[in-house]
Amino acid sequence: MALLSDLVNLNLTDSTPKIIAEYIWIGGSGMDLRSKARTLSGPVDDPKKLPKWNYDGSSTGQAPGEDSEVILYPQAIFKDPFRRGDHILVICDAYTPAGEPIPTNKRCAAAKIFSNPEVEKEVPWYGIEQEYTLLQKDINWPLGWPQGGFPGPQGPYYCGIGADKAFGRDIVDAHYKACLYAGINISGINGEVMPGQWEFQVGPSVGISAGDELWVARYILERITEIAGVVVSFDPKPIPGDWNGAGAHTNYSTKSMREEGGYEVIKKAIEKLGLRHREHIAAYGEGNERRLTGRHETADINTFLWGVANRGASIRVGRDTEKEGKGYFEDRRPASNMDPYVVTSMIAETTLLWNKS
Amino acid sequence: MALLNDLLSLNLTDSTNKIIAEYIWIGGSGMDLRSKARTLPGPVSDPKKLPKWNYDGSSTGQAPGEDSEVILYPQAIFKDPFRGGNNILVICDAYTPAGEPIPTNKRHAAAKVFSHPEVEKEVPWYGIEQEYTLLQKDINWPLGWPQGGYPGPQGPYYCGIGADKAFGRDIVDAHYKACLYAGINISGINGEVMPGQWEFQVGPSVGISAGDEVWAARYILERITEIAGVVVSFDPKPIPGDWNGAGAHTNYSTKSMREEGGYEIIKKAIEKLGLRHKEHIAAYGEGNERRLTGHHETANINTFKWGVANRGASIRVGRDTEKDGKGYFEDRRPASNMDPYVVTSMIAETTILL
């Protein structure tokens, strides 16, 4: 057993019943993922049975040094694809010792919305299309791009194959399997229009679990890029100019939308979203104004526009949904760096709880 | 079977009953770990059943050349994560042929403190948070740092992930599993504030076993960095300037502290520690004055101060302990290069015997 990998891959099941739980939380910027591990006495599959924990909030911009403890509440468990065995990943949210959610904790408010009876009974489904860009470490230039230069213009790269068109597929494929292993509802992957950019989709997930699953998928992705020695960026417009940005299109439906007559419910919902366009945009990710220009398959940030099969719209309704008179719609406005707890709960709130008055 | 690796991973259980025992001891500097291996006729699980051994103390600064034998007394057994099977690691301490502990043997005196009836009945628990820095071999600059330069300032690295924030996770994860395999009570790991710095925690361990487990964990760590081609440093302030140092915070409780009314016992114990601050600091690791500055989550080396949830204090009491009225406290003063036998026994001595 001389290799590092032999030790990293040690199967402990015959040596000890103990398991390792990696507690994951979101740091002070709202996008920086943090994690640390602890040993537990045996396998656990219910987050309610996991102990609360704490971390040094003064090191993540979330607490002052003289009162630095921030408490972690375990919320969702996934199998750990890195340690395997009975080891787990735990998505947590953060509270003060007094039990109040800290300001960067967006999950708590989202969970409240999702447990509102008006929302619960509509069983809101989400399918999130997470785009991201892979960058070469140290120079922070997209993977596969020549240093100090640019690749040929967009065209050949969307779903492309070949060493001159697809950069980093190993990472994407490893991520796909790792997420399936972990128990995340990952529904697909594809190479994106800009070379070095990729997308994975998570869903359909119900309510709060959409956010949990997307965050743990992001965590697994960044752990994998760490292994690959590559940097992952969730910036919505990583390269200015004639290069696509990165979004997190959010597909959405409620029970009523999925049933007979659903198309009318969809149109009413879209109307409500249109009336709150500014509020949504403000919560849909930092830097989105660099991406939502009206070009590169986006609608201008100041315009609210919807259409069937229209990728230049704020909201797109699929041809299937139009044809069947029921289904779902796609909010194309969220940026790749959006917080899924915020976006999913806000869409539910506006379409189910908010009144035009 | 042509690869070195095939031979290294040979499972001998079907070929022979013999096992390999790696005897480990601490060398002349007090921090340099040494080890050598011997064949034994069959599996052993009780250190008392292991034979004493000896080594050349003149090669480790622990004996003169003309009278160089230093005797190794086996004290604790752990499963060998490198050799697998029934092979073992053995933590030893060192004695003269006449049976006296040699000067660098700190375990002997610690074991005396821990077998004192007053200490034994208080069942002292320790949880030690060992921080360490990984360095690139040959240039001795932290792993992941650009040669001749510095990474971006501290902020993103504590518990961070990603190729630009976490350097050397393979080593840390391999160490975690290897220690669990070995039977060490490793309770967790995390990436630290300075990039390239990590921490593992061992405990809760009772009395003398805290020291044995931390030394075995340090041994396994350095064997793993050896495999990875990386150097491990236990220096308490590896990089001067606006970069965190490395400590070995020692969490501590006694039976009385863990029971109803424990918080009062804790406060009395902290008071006693405050009266012996200079003595403790002198024993808490070389070079600690470079680390305990009052910045970077430390209290100044000349100041003794304690507080709830206060990471800038010498001693920190957790909010849970305050709330429950019982629990444990954290001595944040020990440096990463402290000797756990010395620190754990001194805390017990000051708080229980004096």
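None of these values were measured; they are calculated from a predicted model. Chain letters run A, B, ... following the sequence lines, proteins first, then strands; residues in each count from 1.
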Using non-hydrogen atoms and a limit below 4.5 Å, what part of residues 189-199 of chain B faces chain A?
-> B:I189, B:N190, B:V193
With a 4.5 Å heavy-atom cut-off (strictly below), which parts of residues 169-186 of chain B touch chain A? List them by number.
-> B:R169, B:D170, B:I171, B:D173, B:A174, B:Y176, B:K177, B:A178, B:L180, B:Y181, B:N185, B:I186
Chain A shares the most heavy-atom pairs under 4.5 Å, among B:G162, B:G188, B:P146, with B:G162
Could you list which of residues 42-53 of chain A have a heavy atom closer than 4.5 Å to any heavy atom of chain B, in residue-number order?
-> none
Kindly compute the distance separating CD1 (B:I128) from CZ (B:R218), expressed to the nearest 0.5 Å.
-> 8.0 Å
Contact class of A:D32 relative to chain B, heavy atoms under 4.5 angstrom | neither
Side chains of B:P81 and B:R223 in contact at under 4.5 Å (non-hydrogen atoms) | no
Does a donor on one side chain and an acceptor on the other come within less than 3.5 Å for A:D93 and A:Q75?
-> yes
Between atom CG of B:N310 and atom CD of B:E330, what is the distance when rounded to the nearest 0.5 Å?
-> 10.5 Å
Heavy-atom side-chain proximity of A:F82 to A:I224 below 4.5 angstrom = yes
Under 30°, 30 to 60°, or over 60°: which ring-plane class applies to B:W306 and B:Y263, parallel, tilted or perpendicular?
-> perpendicular
Sort A:L33 into side chain, backbone, both or neither according to what part of it lies under 4.5 angstrom from a heavy atom of chain B.
-> both
Side chain B:S209, main chain B:S205, donor-acceptor under 3.5 Å | no
What part of A:S58 lies closer than 4.5 angstrom to a heavy atom of chain B: side chain, backbone, both or neither?
-> side chain
Is it the case that A:E69 and A:Y55 place a side-chain donor and acceptor less than 3.5 Å from each other?
-> no
Between the NZ atom in A:K36 and the CD atom in B:Q201, the distance rounded to the nearest 0.5 Å is 7.0 Å
Pick from A:D67, A:V232, A:V231: which one has the most heavy-atom pairs with chain B under 4.5 Å?
-> A:D67
To the nearest 0.5 Å, atom CD of B:E226 lies from atom CG of A:L4 at 12.0 Å
Can you pull out the residues in residues 313-327 of chain B with any heavy atom less than 4.5 Å from chain A?
-> B:R316, B:G318, B:R319
Test item: side-chain donor near acceptor, B:H296 and B:D242, under 3.5 Å | yes
Any chance the side chains of A:E286 and A:N337 put a donor and an acceptor closer than 3.5 Å?
-> no
Would you say the side chains of A:S336 and A:Q130 form a donor-acceptor pair under 3.5 Å?
-> no
Close side-chain approach of A:D80 and A:I20, heavy atoms under 4.5 Å = no
Using 4.0 Å as the upper bound for N to carboxylate O, is an ion pair formed by A:D212 and A:R107?
-> yes
I would like to know whether B:F167 and B:L134 meet side chain to side chain contact (heavy atoms under 4.5 Å, CB included); could you show each step before the answer?
-> CA-CA 8 Å; B:F167 310 128; B:L134 297 173; over 6 Å; no
Between A:K237 and A:D235, is there a side-chain N and carboxylate O pair less than 4.0 Å apart?
-> no
Interatomic distance, B:N5 atom CG to A:D6 atom CG [nearest 0.5 angstrom] | 5.5 Å
Look at the aromatic rings of A:F200 and A:Y132 and report parallel, tilted or perpendicular, splitting at 30° and 60°.
-> tilted
Nearest heavy-atom contact between B:E22 and B:S35 is OE2-OG, 2.7 Å
Heavy-atom proximity to chain B below 4.5 Å, by part of A:D56 | both
Who wins among A:S59, A:S15, A:S5, A:G27 for the most heavy-atom pairs under 4.5 Å with chain B?
-> A:S59
